[in-house]
Number of protein chains: 2
Amino acid sequence: MIQADKFMEDKGVRPTAMRLLVFRFLAESKTAKTLSDIENAFAKADRTTLYRTLKTFEDKAIVHQIDDGTGMTKYALCEEGCNCAIEQDLHLHFHCNNCKETVCLTAHKIPHINLPDGYVAEDANLVLKGICDKCSGQ
Amino acid sequence: MIQADKFMEDKGVRPTAMRLLVFRFLAESKTAKTLSDIENAFAKADRTTLYRTLKTFEDKAIVHQIDDGTGMTKYALCEEGCNCAIEQDLHLHFHCNNCKETVCLTAHKIPHINLPDGYVAEDANLVLKGICDKCSGQ
DNA sequence: ACAATAAATGCACTTCTGTTGCATGATTCC
DNA sequence: GGAATCATGCAACAGAAGTGCATTTATTGT
Ligand SMILES: [Mn+2]
Ligand SMILES: [Mn+2]
Ligand SMILES: [Zn+2]
Ligand SMILES: [Zn+2]
């Protein structure tokens, strides 16, 4: 976060102006953001460039996609030490029905689920929906 | 299943020819189906009619939607005694990365998850991805 | 410093899914 | 039978994701 340039270079991504803006925007965001969110955050940004920027970030395990069921893919920075590149970091996501924001609950891993014989789990997606802490006023 | 006409009338849905076809198609399906799947199953079917048929079925708790993360909404018949109308039946879904089919695991309910203070869960979606029993050859 | 090469960006366009408007056909109700 | 209601089919639209290609920007090698 402090040295975004260095961080990105370490990840093998050239720190262009646009990429740094996107990275900082996500770093300052407390909730996951859609491509449109990012597009609206920078008046002078092209959607395709942002799209490919996010894809690059994803390939290099800088961000991860979130499918919270709203129909729009969301993006959030990976946690420090996240091994997204090798395997999924199976934390759960929470979508607030009130403020419509989605957050990573990185401390809450998806529990192991017993499956019927013959089923082999490789990946999982758990999204809880309800009222977030901000909206529950508590 | 035996008396589809009667079943639908009991649910408050007029058993038209198209609706019966869709219902039977889903009843015979072992996996969840997309709108396109259903469209392709009946050469002479209009997409809009099928779309609204599924919506009607959903409103009357005959089918439930499944968002397995593939980008296409899937549909499956509700289980007998499912109280979809009142609240979600929080069973999990399994998507096979090999055959690309998605199944309801109605016997496997989503476990209760402890959330941070202030978060109130109202709904949940859990999708496991991997290899299904048919594809694991076991 | 300069040319050659590679990477990033911007614009236009396409595809795919879901959705709605509206006219027509069918069914139910009185 | 006629009015009213419901179901269907065609067309068109909307939103998001993704692709092609030309242009600009950065890197590399001499
Ligand atoms: Mn996350
Ligand atoms: Mn199901
Ligand atoms: Zn909220
Ligand atoms: Zn399979």
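Given the structure is predicted, the values throughout are model-derived calculations rather than measurements. In the text below, chain A, chain B and the rest are named by the order of the sequence lines, each starting its count at 1.
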I'd like to know if A:Tyr75 and A:Val127 are part of one continuous hydrophobic network [Ile/Leu/Val/Met/Phe/Trp/Tyr, side-chain heavy atoms within less than 4.5 Å]. no
Do the side-chain N or O atoms of B:Thr49 get closer than 4.0 angstrom to the phosphate oxygens (OP1, OP2) of D:dG9? yes
Whole-Å gap separating [atom2] ([N]) and [atom1] ([X]):
| X | N | atom1 | atom2 | result |
| --- | --- | --- | --- | --- |
| A:Asp46 | C:dA8 | CG | P | 15 Å |
| B:Ile38 | D:dT8 | CD1 | P | 14 Å |
| A:Leu54 | C:dA8 | CG | P | 14 Å |
| A:Leu50 | C:dC11 | CG | P | 12 Å |
| A:Asp59 | C:dA8 | CG | C1' | 15 Å |

Under 30°, 30 to 60°, or over 60°: which ring-plane class applies to A:Phe7 and A:Phe23, parallel, tilted or perpendicular?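 Ring orientation of A:Phe7 relative to A:Phe23: tilted.
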Can you pull the ring-ring contact (aromatic ring centres under 6.0 Å, His included) pairs that have at least one residue in residues 24-46 of chain A, sequence neighbours excluded?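 Of all non-adjacent pairs touching residues 24-46 of chain A, those that pass ring-ring contact (aromatic ring centres under 6.0 Å, His included) are A:Phe25-A:Phe42.
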Would you mind checking if A:Lys33 and A:Glu28 are paired as a salt bridge, meaning a charged N to carboxylate O distance below 4.0 Å? no
Protein-to-nucleotide contact annotation, 5' to 3' order, nucleotides 17-30 of chain C [B base; S sugar-phosphate only; - none; under 4.0 Å, heavy atom]: SBBBBB-----S--
Is there a donor-acceptor contact under 3.5 Å from the side chain of A:Lys109 to the main chain of A:Thr106?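 Here the side-chain-to-backbone pair exists.
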Without placing hydrogens or testing angles, list every side-chain donor-acceptor pair under 3.5 Å for residues 48-57 of chain B, not counting sequence neighbours.
from: B:Thr48; atom 1: OG1; to: B:Asp46; atom 2: OD2; distance (Å): 3.4
from: B:Thr53; atom 1: OG1; to: B:Thr49; atom 2: O; distance (Å): 2.7
from: B:Thr56; atom 1: OG1; to: B:Arg52; atom 2: O; distance (Å): 2.9

